[in-house]
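One structure is given here, and the rest of the page talks about it.
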Amino acid sequence: MKTKSIVNALLRIVPAVILLQTLFFKFSAAPESVYIFEQLGMEPWGRIGLGIIELIVAVLILVPKTTWLGALLGVGIMLGAVLSHLTKLGIVVRNDGGSLFILALVTLLFCLILAWQRRSNIPFVKNLF
């Protein structure tokens, strides 16, 4: 594989894996996940609903024809996560060392790059460039 192909694959795989690995915690009602959504006033429906949306986003990111849509949705979800950390939760949540915040930032960054790379596929944006 060429370097460009590897980078493009990683740009899709990394955020998808991050989104998918958090599903176990959301769907199993792990104490950390329940705590976070209680702090946000969204437990349990916000936790479950966001888990379903994150599953859809991960699949959309992995499918080449829908990567642009998954990336845009991922940007929206991760902006919400980052803002929640900055305003209500704090960077460190229950002694996690800030790992959830860092994962949200990485996912946000990768989704922004994916959306920019595929901007010509976005129906309402492609005419601008």
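Note that the structure is predicted; figures quoted are calculated from it, not measured.
- For the atom pair CZ of Phe110 and CG of Leu105, the computed distance is 12.0 Å after rounding to the nearest 0.5 Å.
- By the 4.5 Å side-chain criterion applied to Ile, Leu, Val, Met, Phe, Trp and Tyr, Phe25 is assigned to a cluster that also includes Phe24.
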Steps toward side chain to side chain contact (heavy atoms under 4.5 Å, CB included) verdict (Met78, Leu73): CA-CA 9 Å; Met78 289 304 112; Leu73 293 171; over 6 Å; no
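- Summarising the geometry of Ala115 relative to Ile122, their closest heavy-atom pair is O-CD1, 4.0 Å, with the distance given to 0.1 Å.
- Transitive grouping of hydrophobic side chains (ILVMFWY, heavy atoms separated by less than 4.5 Å) keeps Val34 and Ile52 in distinct clusters.
- Counting heavy atoms from C-beta outward, Leu10 and Val7 have side chains that stay 4.5 Å or more apart.
- Residues satisfying the ring-ring contact (aromatic ring centres under 6.0 Å, His included) test with Phe37, not counting sequence neighbours, are none.
- Side-chain contact between Leu79 and Leu108 is present, with heavy atoms from C-beta onward closer than 4.5 Å.
- Sorted by first and then second residue, the side chain to side chain donor-acceptor pair (under 3.5 Å) pairs involving residues 6-17 (not counting sequence neighbours) are Asn8-Gln117.
- Evaluation of the ring pair (Phe, Tyr, Trp, His ring centres under 6.0 Å) test over residues 53-77, restricted to residues two or more places apart or in two chains, returns none.
- Evaluation of the ring pair (Phe, Tyr, Trp, His ring centres under 6.0 Å) test over residues 39-61, restricted to residues two or more places apart or in two chains, returns none.
- Taking both residues in full, the closest heavy atoms of Gly74 and Cys111 are given as CA-SG, 3.9 Å, listed atom of the first, atom of the second, then distance.
- Interatomic distance, Leu11 CG to Leu112 CG, rounded to the nearest 0.5 Å: 11.5 Å.
- In this structure, Ile13 CD1 and Ile18 CD1 are separated by 12.0 Å, a value rounded to the nearest 0.5 Å.
- Connection of Leu23 to Val17 is not established within any shared hydrophobic cluster, with ILVMFWY side chains joined at heavy-atom distances below 4.5 Å, either directly or through further cluster members.
- By the side-chain contact (heavy atoms from CB on, under 4.5 Å) test, Leu100 is found to be paired with Ile36, His85, Asp96, residues two or more places apart in sequence or in another chain being considered.
- Side-chain atoms of Pro15 and Val106, non-hydrogen and from C-beta on, never get closer than 4.5 Å to each other.
- Between the CG atom of Leu19 and the CD atom of Glu54 there is a distance of 5.5 Å, given to the nearest 0.5 Å.
- Glu38 pairs by the salt bridge (Lys or Arg N to Asp or Glu O under 4.0 Å) definition with nothing, not counting sequence neighbours.
- Glu43 meets the side-chain hydrogen bond (donor to acceptor under 3.5 Å, both in side chains) test with Arg47; sequence neighbours excluded.
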Extract all donor-acceptor atom pairs below 3.5 Å that involve side chains of residues 56-66 and protein atoms in other chains or at least two apart in sequence.
unit_1 : atom_1 : unit_2 : atom_2 : d
Thr66  : OG1    : Leu60  : O      : 2.9
Thr66  : OG1    : Val63  : O      : 3.3

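- Counting heavy atoms from C-beta on, the side chains of Lys26 and Leu50 come closer than 4.5 Å.
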Name every donor-acceptor pair, under 3.5 Å, that has one atom in a side chain of residues 86-95 and the other anywhere in the protein, sequence neighbours excluded.
unit_1 : atom_1 : unit_2 : atom_2 : d
Thr87  : OG1    : Leu83  : O      : 2.7
Arg94  : NH1    : Pro31  : O      : 3.3

